2 protein chains.
Amino acid sequence: MDVHGRDLRYFAAVAEELNFTRAAERLFISQPALSKQIRMLEKQLGADLFHRDRRAVRLTAVGEALLPHAHGMLAAWEAAEAAVAEASAAEQHTLVIGMSTSPGRGLLPALRTRLVSRHPHARPVLRQVNWADPSAGLADGSSDVAFVWLPLPDGDRYRYAVVAQEPRLVALPQGHRLARAAADSEGAVDFTDLLDEPFLALPSEAGPLRDYWLALDARDGRAPRIGGVVGSAEETHEAVANGQGVALLATGNASLVVRDEVIAVPVRGISPSRLAVAARRDDERPLVAAYLAAAAKLGAGTS
Amino acid sequence: MDVHGRDLRYFAAVAEELNFTRAAERLFISQPALSKQIRMLEKQLGADLFHRDRRAVRLTAVGEALLPHAHGMLAAWEAAEAAVAEASAAEQHTLVIGMSTSPGRGLLPALRTRLVSRHPHARPVLRQVNWADPSAGLADGSSDVAFVWLPLPDGDRYRYAVVAQEPRLVALPQGHRLARAAADSEGAVDFTDLLDEPFLALPSEAGPLRDYWLALDARDGRAPRIGGVVGSAEETHEAVANGQGVALLATGNASLVVRDEVIAVPVRGISPSRLAVAARRDDERPLVAAYLAAAAKLGAGTS
DNA sequence: TGTTGTGATAGCTATGAGTTATGGATGTCC
DNA sequence: GGACATCCATAACTCATAGCTATCACAACA
């Protein structure tokens, strides 16, 4: 049914040498092993490939018929191996960078520059991931590294470098009562004033991250009112503008949501947001390590 | 280095099903066996072929690169198998008929007709063999059946059917003294009159056959004079015409030597020649058996 | 929360691809 | 013609591997 490529290689060698002993030497196996393998191949094909005269070995008609196919298949396999090696190398040098929203803050160009200076062959590829996955593709392997918001669910599966720590804002519809209140109070609001507001939440799959953007730890155990579930910056903008609810934002992301009817004001009394570059803890590939190292350096510089 | 075709087949199946269990069923092997084989292939290539998410199996970039090659090689092997089968069938139906000189006597067309009436696919192929090989190619396998002169050296290795038994003639140059003597004596000569003539002999490799055409058994142990060694009808004609020696002939072969300066006259006192169709005793192939059977029938009819 | 589906793992067996040692036939050299 | 070299086949053994069954781990789903 199938052949082992080796058998074809052996066959081609014997066909070329027309001498089992020399062919075996060339193949770095013993002569009996070669004899046996050729016999097995002949048995499998149900036809002799060589005429073993006492004095000479020569191809039979069947052998002649097989030889060009054997050469073709050996060449085809070499080509296949080369294709695999190439694809493999390309994969080695590709770094998939997951992100839920554009990290902005000039981070991507800075990290890219640092990465390619260390690994000139590196090909960073950006990948947008739904907000439902707080690991931005790390969990299912679709990203190699990712921009994530801390805290990360299953945090011990990852390692990360914080690249930005910023106060959180709240996005409000332009006419909201708290928008006016903030204008009176140094342009900020207390989180306690937001406790009864309906909040836009991440999908429940987001786990701890959903709780974090609801600032659950600042609510003293009282459940938040959920005004809706959002999966992207665009949806958030729409929902806020429509008055479905308010939403906490990282300062660096305000520009994605604030426009038209929506404004954002700082919130006092909650922890700042922390944006990190993360990778799977067990992923030791050089490119991944280099990207994380670059991020750590950047984070150290800007914190 | 090499692949087993089986592994490519397995890979292609999994790539198509994107499900190990179903692919294994389709391949009539167990799922663990398939898993293991794919892992081995991946290990051999040094790259993963499939992305095994908990929920889904999908090809990696490397797998995508390999797949078309795998399909190509599987198709190539099918083509190779077909080529082998075809060549094998052709060989099955080919009967190589060895002969030292054309057997004449209408034997070839008669036997050919009988053979193809029994085996319509049979392709008889004629092969001229040097006189040095009295088995006309049977010994070294270059003929399947052969027209031979009895006695045959290593006679027990062959089986045969006598197709012609004829008095032997002697070929003489036209002006030879015995040519005239024969004309006086019923057109024949006694072998005793030839004892001192130089004889043309077959090459020494011919063994008993050489002795036979020197009629050694009719010489009472006295060595013949050898006038030369001949390897074909043409050489014999030349040598006789030149007076190098005389030569015994089968009646049916006289026409090959007798022309121009050479005549042939019957010889009294020696056994007749026996022409047979022979095959290797251990060669039981239907075509060979059929040819021999046809020869036996023909021999029985004409003897 | 049990059930189903799916892939990986473990442990076993049989096959097969390799080894060395040896046999037997042929050809070669003095 | 005898010693020797060449060459393919066979025998007996070893070790890797391709297959099996049984089972686990995990996700999806009802």
Side-chain angles (χ1 to χ4, degrees), chain A residues 1-11 13-45 48-60 63 132-133 135 139-141 153-154 157 204-205 207 282, chain B residues 1-11 13-44 48-60 63 132-133 139-141 153-154 157 204-205 207 282:
Chain A
M1 181 161 202
D2 305 302
V3 233
H4 198 125
R6 178 194 45 231
D7 292 349
L8 295 178
R9 197 157 47 81
Y10 288 3
F11 166 63
V14 177
E16 192 171 323
E17 296 282 350
L18 292 178
N19 177 315
F20 280 72
T21 307
R22 275 197 297 282
E25 276 170 22
R26 217 179 72 178
L27 294 166
F28 302 108
I29 60 171
S30 68
Q31 169 267 313
L34 180 57
S35 273
K36 193 159 69 171
Q37 282 313 102
I38 295 290
R39 286 222 171 276
M40 297 293 281
L41 181 59
E42 289 175 326
K43 188 176 156 193
Q44 179 187 346
L45 293 172
D48 284 359
L49 296 172
F50 295 99
H51 235 333
R52 282 93 150 170
D53 229 17
R54 293 279 190 261
R55 68 198 80 264
V57 171
R58 61 186 198 280
L59 279 167
T60 61
D133 178 8
S135 79
D140 65 3
D154 284 326
R157 291 182 51 199
S204 58
E205 302 96 299
D282 59 356
Chain B
M1 181 162 204
D2 306 300
V3 235
H4 198 126
R6 179 192 47 229
D7 294 348
L8 295 178
R9 196 158 47 80
Y10 288 1
F11 166 65
V14 176
E16 191 171 326
E17 297 281 350
L18 291 179
N19 177 315
F20 279 72
T21 307
R22 277 197 297 282
E25 276 170 21
R26 217 179 72 179
L27 295 166
F28 302 107
I29 60 171
S30 69
Q31 169 267 313
L34 180 58
S35 273
K36 194 159 67 170
Q37 283 312 102
I38 295 290
R39 285 222 173 278
M40 296 294 281
L41 181 58
E42 288 175 327
K43 188 175 156 193
Q44 180 187 346
D48 285 358
L49 296 171
F50 295 100
H51 233 335
R52 283 91 149 173
D53 232 14
R54 290 281 192 262
R55 67 199 82 264
V57 171
R58 61 186 199 282
L59 279 168
T60 61
D133 177 8
D140 65 3
D154 284 326
R157 292 183 51 199
S204 58
E205 302 96 298
D282 59 355

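Proteins come first, then strands; the chains are lettered A, B, ... in the order of their sequence lines, and each starts at number 1. All values derive from a computational prediction rather than experimental measurement.
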With a non-hydrogen cut-off below 4.0 angstrom, is Tyr10(B) in contact with a base, only sugar-phosphate, or nothing? sugar-phosphate
Counting just side-chain N and O atoms, does Asn19(A) come under 4.0 Å of either OP1 or OP2 of dC8(D)? yes
Sub-4.0 Å heavy-atom contacts from residues 31-40 of chain B onto DNA chain C, ordered by number: Gln31(B), Pro32(B), Ser35(B), Arg39(B)
Separation of dG7(C) atom P from Arg52(B) atom CZ, nearest Å, is 9 Å
Give the rounded distance in Å between these two atoms: CG of Asp48(B) and P of dA8(C). 10 Å
Between P on dG5(C) and CD on Glu17(B), what's the gap in Å once rounded to a whole number? 16 Å
Nearest whole Å is fine: how far is dA18(D) P from Leu8(B) CG? 13 Å
Value in whole Å for how far the P atom of dT15(C) lies from CG of Asp2(A): 18 Å
Please tell me if Arg22(B) has a side-chain N or O lying less than 4.0 Å from either OP1 or OP2 of dT6(C). yes
Atom NZ of Lys43(A) to atom P of dT15(C): distance rounded to whole Å? 11 Å
What side-chain donor-acceptor pairs closer than 3.5 Å can you find for residues 35-42 of chain B, not counting sequence neighbours?
| residue | atom | partner | partner atom | Å |
| --- | --- | --- | --- | --- |
| Ser35(B) | OG | Gln31(B) | NE2 | 3.2 |
| Gln37(B) | NE2 | Asp7(B) | OD1 | 3.2 |
| Glu42(B) | OE1 | Arg52(B) | NH1 | 3.0 |
| Glu42(B) | OE1 | Arg52(B) | NH2 | 3.3 |
| Glu42(B) | OE2 | Leu49(B) | N | 2.8 |
| Glu42(B) | OE2 | Phe50(B) | N | 3.1 |
| Glu42(B) | OE2 | Arg52(B) | NH1 | 2.8 |

Minimum heavy-atom separation for Leu59(B) to Leu18(B), with atom names? N-CD2, 4.2 Å
Closer than 4.0 Å, any side-chain N/O of Ser30(B) to the OP1 or OP2 of dC20(D)? yes
Point-to-point distance, once rounded to the nearest 0.5 Å, from CZ of Arg6(A) to CE of Met1(B): 11.0 Å
Acceptor/donor pairs from residues 19-29 of chain A side chains to any protein atom, 3.5 angstrom cut, sequence neighbours excluded:
| residue | atom | partner | partner atom | Å |
| --- | --- | --- | --- | --- |
| Asn19(A) | OD1 | Thr21(A) | N | 2.9 |
| Asn19(A) | OD1 | Arg22(A) | N | 2.9 |
| Arg26(A) | NH1 | Glu16(A) | OE2 | 3.3 |
| Arg26(A) | NH1 | Glu17(A) | OE2 | 3.2 |

To the nearest Å, give me how far apart CD1 (Ile29(B)) and C1' (dA18(D)) are. 9 Å
Sugar-phosphate, base or nothing in reach of Thr21(B), heavy atoms under 4.0 Å: sugar-phosphate
Starting from P on dA16(D), measure out to NE2 on His4(A) and report it in whole angstrom. 16 Å
